[in-house]
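Worksheet for the structure shown next.
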There are 2 protein chains.
Amino acid sequence: MKSSDIPAPAVHRLSLYLRELENLRQADRRTVSSRQLGDALKLTATQIRKDLAYFGQFGKPGIGYDIEALMGRIRRILGTDRTWNVLLVGAGNLGMALSAYRGFAKKGFRLCAVFDDDPEKIGRPIPAFPAIFIRPVCDIPIAVREKDIRLAIVAVPAHAAQGVADALVGAGVRGILNFAPVSIHVTATAAVTAVDLAVQLEQLSFQVSALE
Amino acid sequence: MKSSDIPAPAVHRLSLYLRELENLRQADRRTVSSRQLGDALKLTATQIRKDLAYFGQFGKPGIGYDIEALMGRIRRILGTDRTWNVLLVGAGNLGMALSAYRGFAKKGFRLCAVFDDDPEKIGRPIPAFPAIFIRPVCDIPIAVREKDIRLAIVAVPAHAAQGVADALVGAGVRGILNFAPVSIHVTATAAVTAVDLAVQLEQLSFQVSALE
DNA sequence: TAGTGTGAATGGATTCACAGCC
DNA sequence: GGCTGTGAATCCATTCACACTA
């Protein structure tokens with residue numbers, strides 16, 4: 001089975017499994033059952049077994065899954081068994097916070113360059129990595145080539161997002177994580193994942209309203 | 001039909017519709033068809049009509065939907081036709097960026113209090129709102145009562161997240177937006193929505209690996 | 001006994017097809 | 001002609017039930 005055949009909801013859960021497995025290994029656990037994983041993540045044991053069965057047979061009946069082995073396998077599926085060079089566009093509040101976020105590096109994503117078109121910001125180092133200087137957006141193609149960058153984080157205002165996306169794809173970037181509150185479109189050579197923080201609060205507002 | 005009967009995927013799309021409608025109204029448009037909305041969001045026109053039909057009949061055949069009216073209706077469904085008071089726990093990089101994020105206020109979410117247990121930070125004002133001073137986590141119940149706060153944003157390290165969540169629910173908070181990279185559990189009186197930034201990059205990494 | 005892997009059944013969401021309206 | 005609203009059909013994900021194994 002090709003990994004692209006794994007249903008999208010299952011791929012999302014794989015990330016959660018990996019996160020939980022990392023916690024378990026930290027606690028020196030060696031194996032885990034689908035039931036235990038399910039309890040920790042509020043999912044059914046059956047669903048976890050189905051998800052894991054998409055890519056082979058790992059578990060040992062009566063025992064469960066080998067944590068180390070399973071982590072390795074999930075990382076390979078997700079493509080995080082290697083390091084990805086990442087660039088960031090947008091050096092505002094959100095962009096700077098994202099650049100300082102330790103969670104990315106822990107998963108093998110390495111921030112290599114930061115871009116912004118504000119003349120006030122160009123040329124300045126970013127607080128989290130003083131070796132990285134903010135460069136103008138027109139430099140993106142150079143950086144992508146030089147540093148072999150495949151992924152980009154977009155944290156610019158909504159009105160600038162599509163233009164930035166076009167520039168990124170034109171420069172050869174293959175994946176965009178979009179934080180701008182607007183839907184962006186790219187050619188089939190690239191993928192986009194969107195995170196709209198306000199949308200998340202709206203979803204919460206809906207849920208809270210529903211349970212009252 | 002009760003709004004809690006709307007399927008979860010549809011509720012998520014409602015947020016996207018609302019965002020797009022806001023853009024359209026900005027551009028002085030009065031009406032929009034399901035087809036136009038679908039093109040903008042990469043969804044089928046049928047799906048949009050189905051979603052909107054969950055809560056009544058809005059569209060005019062031959063014309064489309066009245067943008068203003070539809071926005072009002074979606075806001076009521078999502079619960080954003082009023083202002084929500086929000087508190088933030090965690091005054092690190094991510095927390096401070098979230099406090100400065102303009103998108104929340106634009107949607108009617110008002111930040112009222114910020115908490116952190118780092119003695120270095122307690123008592124200091126936050127840059128985005130100099131009138132808000134960072135308070136210790138034990139003050140949460142007081143603030144919730146005083147300011148009638150129902151929603152909380154959690155931006156603390158993973159190991160602290162469940163404890164903070166327990167404190168929040170105990171204080172009467174009804175909804176939690178969790179940025180900590182760990183699954184948190186609460187009683188049925190409260191709702192949790194999770195955003196794990198590293199997970200989002202992993203999903204992107206998967207998609208990019210799949211299209212190579 | 002404790003647990004996996006999986007075909008079959010179920011449940012939900014999306015898409016199709018089309019009647020009806022402006 | 002353009003567009004909505006919706007039952008029917010399809011598609012897909014989750015759950016059930018159970019054979020199987022360490």
Handout entry: Interatomic distance where CD belongs to Gln36(A) and C1' belongs to dA2(C) [whole Å]
Key = 11 Å

Exercise for the section: Whole angstrom is fine here: how far is it from CG in Asp39(A) over to P in dG3(C)? Expected result: 11 Å

Handout entry: Other residues, nucleotides, ligands: >12 heavy atoms within 6.0 Å of Gln26(B) CD
Key = no

Problem - Residues, nucleotides or ligands: over 12 heavy atoms within 6.0 Å of Arg29(B) CZ - result: yes

Side-chain donor or acceptor of [X] paired with backbone N/O of [Y] under 3.5 Å:
X         : Y         : value
Ser205(B) : Leu201(B) : no
Arg150(B) : Asn85(B)  : no
Gln47(B)  : Thr44(B)  : no

Identify each atom pair where a protein N or O and an N or O of nucleotides 9-12 of chain C are less than 3.5 Å apart, giving names and distance.
none

Problem - DNA chain D: 5'-most and 3'-most nucleotides touching chain B, 4.0 angstrom heavy-atom criterion - result: dG2(D) to dA8(D)

Completion exercise
Rounded to the nearest 0.5 angstrom, the CG-CG distance for Leu70(A) and Leu14(A) is 8.5 Å

Exercise for the section: Drop me the distance from Asn178(A)'s CG to Gln162(A)'s CD, to the nearest 0.5 angstrom. Expected result: 9.0 Å

Handout entry: Where Ala113(A) and Ile149(A) come nearest, the two heavy atoms and their spacing
Key =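 Closest approach of Ala113(A) to Ile149(A), heavy atoms only: CB-CD1, 4.5 Å.
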
Holding to salt bridge (charged side-chain N to carboxylate O under 4.0 Å, His left out), I want the full list of residues that pass it with [X], two or more places apart in sequence or in another chain.
X         : value
Arg73(A)  : none
Arg145(B) : none
Asp139(A) : Arg135(A)
Asp117(A) : none

Handout entry: Sugar-phosphate, base or nothing in reach of Ser33(B), heavy atoms under 4.0 Å
Key =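 Sugar-phosphate, backbone atoms only, no base.
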
Exercise for the section: Mind checking Thr44(A) for me? I need base, sugar-phosphate or nothing, with any heavy atom below 4.0 Å counting as a touch. Expected result: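 Sugar-phosphate, no base atom in range.
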
In [range], which ones come under 4.0 Å of DNA chain D, going by heavy atoms?
range                     : answer
residues 50-69 of chain A : Lys50(A), Pro61(A)
residues 70-80 of chain A : none
residues 16-23 of chain A : none

Exercise for the section: Using a cut-off of strictly less than 4.0 Å, decide whether Ser34(A) has a side-chain nitrogen or oxygen near OP1 or OP2 of dT4(C). Expected result: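 Answer yes for this pair, as a side-chain N or O of Ser34(A) is under 4.0 Å from OP1 or OP2.
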
Counting only pairs under 3.5 Å, give me each side-chain donor-acceptor contact of residues 86-108 of chain B, with atom names and distances, residues two or more places apart or in other chains.
residue	atom	partner	partner atom	Å
Ser99(B)	OG	Met96(B)	O	2.7
Lys107(B)	NZ	Glu202(A)	OE2	3.1
Lys107(B)	NZ	Glu22(B)	OE1	3.3

Exercise for the section: Show your working on side-chain hydrogen bond (donor to acceptor under 3.5 Å, both in side chains) between Gln203(B) and Ser15(A) and close with a plain yes or no. Expected result: CA-CA 8 Å; Gln203(B) 297 296 302; Ser15(A) 277; 3.0 Å; yes

Practice task
Select one nucleotide: of dT4(C), dT14(C), dA17(C), the one nearest the side-chain heavy atoms of Arg49(A).
Solution key: dT4(C)

Scan the side chains in residues 56-67 of chain B for donor-acceptor partners under 3.5 Å anywhere in the protein, sequence neighbours excluded, and list what turns up.
residue	atom	partner	partner atom	Å
Asp66(B)	OD1	Glu68(B)	N	3.2
Asp66(B)	OD1	Ala69(B)	N	2.8

Problem - Residue pairs passing the salt bridge (Lys or Arg N to Asp or Glu O under 4.0 Å) test where at least one lies in residues 34-51 of chain B, sequence neighbours excluded - result: Arg13(B)-Asp51(B)

